[in-house]
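Comments concern the structure below.
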Amino acid sequence: MASPALISRTHPWEDLKAHVEDLKGTHLRDLMGDADRCRSMMVEFDGILLDYSRQRATVDTVDKLLKLAEAASLKEKIHHMFHGERINTTENRSVLHVALRAPRDAVISSDGKNVVPDVWDVLDKIKDFSERVRSGAWVGATGKALKDVIAIGIGGSFLGPLFVHTALQTDPEASEHCRGRQLRFLANVDPIDVARNITGLCPETTLVVVVSKTFTTAETMLNARTLREWISSALGPDAVSKHMVAVSTNLPLVEKFGIDPKNAFAFWDWVGGRYSVCSAVGVLPLSLQYGFSIVENFLKGAYSIDQHFYSTSLEKNIPVLLGLLSVWNVSFLGYPARAILPYSQALEKFAPHIQQVSMESNGKGVSIDGEPLPYEAGEIDFGEPGTNGQHSFYQLIHQGRVIPCDFIGVVKSQQPVYLKGEIVNNHDELMSNFFAQPDALAYGKTSEQLRKENVSQNLLPHKTFTGNRPSLSILLPALTAYNIGQLLSIYEHRVAVQGFIWGINSFDQWGVELGKSLATQVRKQLHASRVKREPIEGFNYSTTTLLTKYLEATSDVPADPPSILPKI
Ligand SMILES: O=P(O)(O)OC[C@H]1O[C@H](O)[C@H](O)[C@@H](O)[C@@H]1O
């Protein structure tokens, strides 16, 4: 692949920089008054409506962004991704999470090999295994059915599956399929998370799924050894083969850990951890909980957006538009953060998942060729469901810093409630806020309006809202497994678009390594100090002081204790 020049050295970038000045005197109040403009800023696909009319952008801005996409060879980069080119150059890997949700007869190749049959071999194995567990054909060491699942994993091996599980929990069809079953996630190496996970569960009826792409992640492996102890201390070491299975790309290490390779579910190095929810990472635990057919609908929803992303022209392409507008907000308008605000409690874990997808992908300081970036890439993502967030951090968004917001609404509630005598039903009440907040941000409230309401002079500055704060709205028809898949795929591709424009590698994550290696040094020191009473060496004054305090205050901790598990 030819090495691309920095995008900031292209004419469309310069042009957009200059264009910011054109918009300086334009308020969103004015832009929203132009119905033709607003009409042109709405896109519909497969039941989803994107309205980006509340972006601080004109039709001209969008044209200029599309020219930027051209200068960044966006179409070609999308093409390279879908065709298995090794676009993750620092790890020499292709990026093919789209293959995970392709139909059985699709052809998607990596290194000349169609990977779709391998994907479906694993999906078929998951279907078979999950049906045996769910039906009680697969039983634990004492002959009891396994009704509860603890999935151990962290980062990409946790956040995506947790988001989808949380979203499915209240879907009527999915919840029908999981009666009497529980799915829990053990992520943090904090022993409190172990305690929370095993509380109320019995090893006899629990299946543990160890999820780790590398099967070397310190937190996951310690948690896996901890739950292996929980099972074998209750049921004997032979029980492990009946109660523990694994999802990994590293099958030799799975076997070395003591999990029967027959009970290992593979994926491949062309699936990035944070893009792995559609692999066995998500599909196995979710199928155990909800049944494979529900999860298959989730994959179909993601596939629908994949096709849209691949084949729709850029100006009508939802992930492309979202990605370009984020670049506009970050790189040109200078807004470093983005709030993800789903008006659905079922999407409670969506922002934390996208936080990893986005910040681990695009939080980079150099171009894909290693050149320091003369502009900032990535953005600070955070979010909470509405209306909860309104009573928490929205104050800052309304009157403090400008933070572009994604409002995500759902037309049909998973769990409608109607109360006799109320003027609207409960979902309408929620959605009233979804519709109102974007206008409050865009229009604000002037001192003239306040004066007409007889607001006293001294309160005028406090009650004034400057407005002109950008947002966009995404309206989903419902929140079925299919829609959840669509939403996931939209955001995954949006993040890729941003990275493609910024000219970075969105698919590596070297930035997480340094902290890990320093933790190794501390771990060795803690061991040496506890077991051999060795002095603290090789750390700066600050860390030495903190470690000394910690070790002194825990001098009663036994150096070589027997296994002790939480007892709550
Ligand atoms: O799936 P694993 O290999 O256990 O990795 C778990 C996570 O840890 C790493 O440090 C990365 O930051 C994540 O991208 C990854 O998802």
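Heads up: numbering here begins at 1 and tracks the sequence.
To the nearest 0.5 Å, atom CG of residue D63 and atom CG of residue L68 are 12.5 Å apart. Taking CG of L476 as the start and CG of N483 as the end, the distance is 6.0 Å to the nearest 0.5 Å. Rounded to the nearest 0.5 Å, atoms OG1 (T520) and CZ (R523) are 4.5 Å apart. Here T480 contributes atom OG1 and I294 contributes atom CD1; the two are 9.0 Å apart, rounded to the nearest 0.5 Å. To the nearest 0.5 Å, the span separating CH2 on W328 from CG on L324 amounts to 12.0 Å. Taking CD1 of I154 as the start and OG of S157 as the end, the distance is 9.5 Å to the nearest 0.5 Å.
Here the closest non-hydrogen pair linking L31 and C38 is O-SG, 4.1 Å. T466 approaches R469 most closely through the heavy-atom pair OG1-NH2, 3.3 Å. Shown here for L23 and A57, the closest heavy-atom pair between the two residues is CD1-CA, 4.4 Å. Minimum heavy-atom separation, T166 to K349: OG1-CG, 3.4 Å. Closest approach of L28 to R37, counting heavy atoms only: CD2-NH2, 4.4 Å. Nearest heavy-atom pair, V410 versus S344, reported as atom, atom and distance to 0.1 Å: CG2-CB, 4.2 Å.
Applying the salt bridge (Lys or Arg N to Asp or Glu O under 4.0 Å) definition to pairs two or more places apart or across chains, none involves residues 473-485. For the salt bridge (Lys or Arg N to Asp or Glu O under 4.0 Å) condition, the pairs that include at least one residue of residues 501-515, sequence neighbours left out, are K364-D508, E513-K516.
K75 pairs by the side-chain contact (heavy atoms from CB on, under 4.5 Å) definition with L314, not counting sequence neighbours. With sequence neighbours excluded, the residues forming a salt bridge (charged side-chain N to carboxylate O under 4.0 Å, His left out) with D15 are K64, listed by chain and number.
Remark: aromatic rings of H493 and Y310 are distant, center separation not under 6.0 Å.
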Tabulate below the donor-acceptor pairs under 3.5 Å that side-chain atoms of residues 396-408 make, not counting sequence neighbours, or state none.
residue : atom : partner : partner atom : Å
H398    : NE2  : Q437    : OE1          : 2.7
Q399    : OE1  : Q395    : NE2          : 2.9
Q399    : NE2  : H462    : O            : 2.9
Q399    : NE2  : T464    : O            : 2.8
D406    : OD1  : R494    : NH2          : 3.4
D406    : OD2  : Y491    : OH           : 2.7
D406    : OD2  : R494    : NH1          : 2.6

Quick one: side chains of residues 91-98, donor-acceptor pairs under 3.5 Å with protein atoms, not counting sequence neighbours, listed by atom name and distance.
residue : atom : partner : partner atom : Å
E91     : OE1  : N88     : ND2          : 2.6
S94     : OG   : S110    : OG           : 3.2

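The closest side-chain donor-acceptor pair between H80 and E76, if any, does not fall under 3.5 angstrom. Counting only N and O atoms by type, the side chains of T387 and N433 include no donor and acceptor under 3.5 Å apart. Using a 3.5 Å distance cut-off with no hydrogens or angles, the side chains of T543 and N540 do pair a donor with an acceptor. A donor-acceptor pair shorter than 3.5 Å cannot be found between the side chains of D30 and H27. In this structure, a donor-acceptor pair under 3.5 Å is present between the side chains of Q55 and N329. Side-chain polar atoms of T61 and T58 form a donor-acceptor pair below 3.5 angstrom. S279 and W268 are not linked by any side-chain donor-acceptor pair at a separation below 3.5 angstrom, with hydrogens and angles left out of the test.
For the pair F265 and V209, the minimum side-chain heavy-atom distance is 4.5 Å or more. Here the side chains of Y275 and L100 are not in contact, with every heavy-atom distance at 4.5 Å or above. Side-chain atoms of L286 and H165, non-hydrogen and from C-beta on, do get closer than 4.5 Å to each other. Between M81 and F507, some side-chain heavy-atom pair lies under the 4.5 Å cut-off. Between E219 and N188, every side-chain heavy-atom pair lies at or beyond the 4.5 Å cut-off. When side chains are defined from C-beta on, W13 does not count as touching L6, because their heavy atoms never get closer than 4.5 Å. Looking at S276 and K213, their side chains never come closer than 4.5 Å, going by heavy atoms from C-beta outward. Using a 4.5 Å cut-off on side-chain heavy atoms (C-beta onward), I108 and F82 make no contact.
A donor-acceptor contact shorter than 3.5 Å is absent between the side chain of D306 and the backbone of A102. Between the side chain of S517 and the backbone N or O of L514 there is at least one donor-acceptor pair closer than 3.5 Å. Remark: side-chain polar atoms of S248 are paired, donor with acceptor, to backbone N or O of S212 under 3.5 angstrom. Checked by atom type and distance alone, the side chain of D51 pairs as donor or acceptor with a backbone atom of S53 at under 3.5 Å. With hydrogens and angles disregarded, a donor-acceptor distance shorter than 3.5 Å links the side chain of S311 to the backbone of Q307. Looking only at distances, no side-chain donor or acceptor of T312 sits under 3.5 Å from a matching main-chain atom of K316. For Q414 (side chain) and A167 (main-chain N/O), a donor-acceptor pair under 3.5 Å exists by modelled atom type. For Y482 (side chain) and S304 (main-chain N/O), no donor-acceptor pair under 3.5 Å exists by modelled atom type. Of the possible polar contacts, one joining the S361 side chain to the S506 backbone as a donor-acceptor pair under 3.5 Å is found. In this structure a side-chain-to-backbone donor-acceptor pair under 3.5 Å is missing from N362 to A377.
Here the options are E360, H353, E492, the test is side-chain hydrogen bond (donor to acceptor under 3.5 Å, both in side chains), and the partner is R274; only E360 passes. In summary, of the residues considered (I504, L325, V327), a side chain to side chain contact (heavy atoms under 4.5 Å, CB included) with Q498 occurs for V327 alone. Screening F393, F350, Y394 for a side chain to side chain contact (heavy atoms under 4.5 Å, CB included) involving E384 leaves a single residue, F393.
Using a 4.0 Å cut-off between a side-chain N of Lys or Arg and a carboxylate O of Asp or Glu, E14 and K17 do not qualify as a salt bridge.
The number of heavy atoms from other shown groups lying within 6.0 Å of NZ (K412) does not exceed 12. Atom CD of E296 has more than 12 heavy atoms from other residues, nucleotides or ligands within 6.0 Å.
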Next on the checklist: F163 vs L347, test: side chain to side chain contact (heavy atoms under 4.5 Å, CB included). Steps then yes/no.
Outcome noted: CA-CA 7 Å; F163 142 58; L347 294 175; 3.8 Å; yes
Next on the checklist: Could you walk me through whether L479 and D171 satisfy the side chain to side chain contact (heavy atoms under 4.5 Å, CB included) test, starting with their C-alpha distance in whole Å, then the side-chain angles of each, then the deciding distance to 0.1 Å, before giving a yes or no?
Outcome noted: CA-CA 7 Å; L479 204 54; D171 171 62; over 6 Å; no
Next on the checklist: Set out, in order, the CA-CA distance, both residues' side-chain angles and the distance that settles side chain to side chain contact (heavy atoms under 4.5 Å, CB included) for I474 and L472, then state yes or no.
Outcome noted: CA-CA 7 Å; I474 298 173; L472 54 86; 4.0 Å; yes
